[in-house]
Amino acid sequence: MEHLPSRTQRWQPAGTEHFTGDVWLSDLGQMPDGSGLTMLGVQFAPGARTDWHSHPFGQTLYIVSGSGIVCDRDGDRVVVGAGDVVQTPPGVVHWHGARPDAPMLHLSLTTGGATEWEPERVDDADYQG
Ligand code: MN
């Protein structure tokens, strides 16, 4: 058994290539069973969000704390909070981030390989919906 206390986890800045605002990532690794399940903690400062993107096999988000927004290209937009789960289908272009007035921490669960980033950012008009 491996125990990684929260204080030992390494939060890395996500950078600005695919994110707007301050976002930090904690790579929780992959399951050792060969399933390719990738687990990632993602913290968003208030107002921070991803660029538009999709996941080849979809994504499950588990909201750990705070308050956020998940929105897809068709304008389906949900406000989420702690304990909520959002599943995005394979290939559906979407973004996720914190609300303007609160941070958000979510767990991201994916299989099937790397995130596919769209060329556009989530600008203020997209973000405000
Ligand atoms: Mn996503």
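All residue numbers in this chain count up from 1 along the given sequence.
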[atom2] on [Y] to [atom1] on [X], rounded to 0.5 Å:
X: W95; Y: I69; atom1: CH2; atom2: CD1; result: 4.5 Å
X: S67; Y: L105; atom1: OG; atom2: CG; result: 13.0 Å
X: R99; Y: M104; atom1: CZ; atom2: CE; result: 11.0 Å

Can H96 and H106 be said to form a side chain to side chain donor-acceptor pair (under 3.5 Å), step by step?
CA-CA 10 Å; H96 24 112; H106 71 47; 3.0 Å; yes
Indicate the ring-plane relationship of W117 and F19, choosing parallel, tilted or perpendicular according to the 30° and 60° boundaries.
perpendicular
Between [X] and [Y], which heavy-atom pair has the shortest distance, and what is it?
X: G129; Y: R77; answer: CA-NH1, 3.5 Å
X: A45; Y: A98; answer: O-CB, 3.3 Å
X: Q9; Y: S26; answer: OE1-OG, 3.9 Å
X: V23; Y: A48; answer: CG2-CB, 3.8 Å
X: D51; Y: E120; answer: CB-O, 3.8 Å

N-O pairing of R49 and D124 below 4.0 Å
yes
Find out whether [X] and [Y] are in side-chain contact, i.e. whether some heavy atom of one side chain is under 4.5 Å from a heavy atom of the other.
X: S108; Y: Q59; result: yes
X: V92; Y: P90; result: no
X: D27; Y: L40; result: yes
X: P100; Y: P46; result: no

Stacked cation flag R73 on W52, 6.0 angstrom / 45 deg:
yes
Passing candidate, side chain to side chain contact (heavy atoms under 4.5 Å, CB included) with V70, options D84, D76, L61, T50
L61
Report yes or no: does D33 contribute a side-chain atom to a donor-acceptor pair with the main-chain N or O of S35 at less than 3.5 Å?
yes
Would you confirm whether the ring centroid of F44 sits within less than 6.0 angstrom of the ring centroid of W24?
no
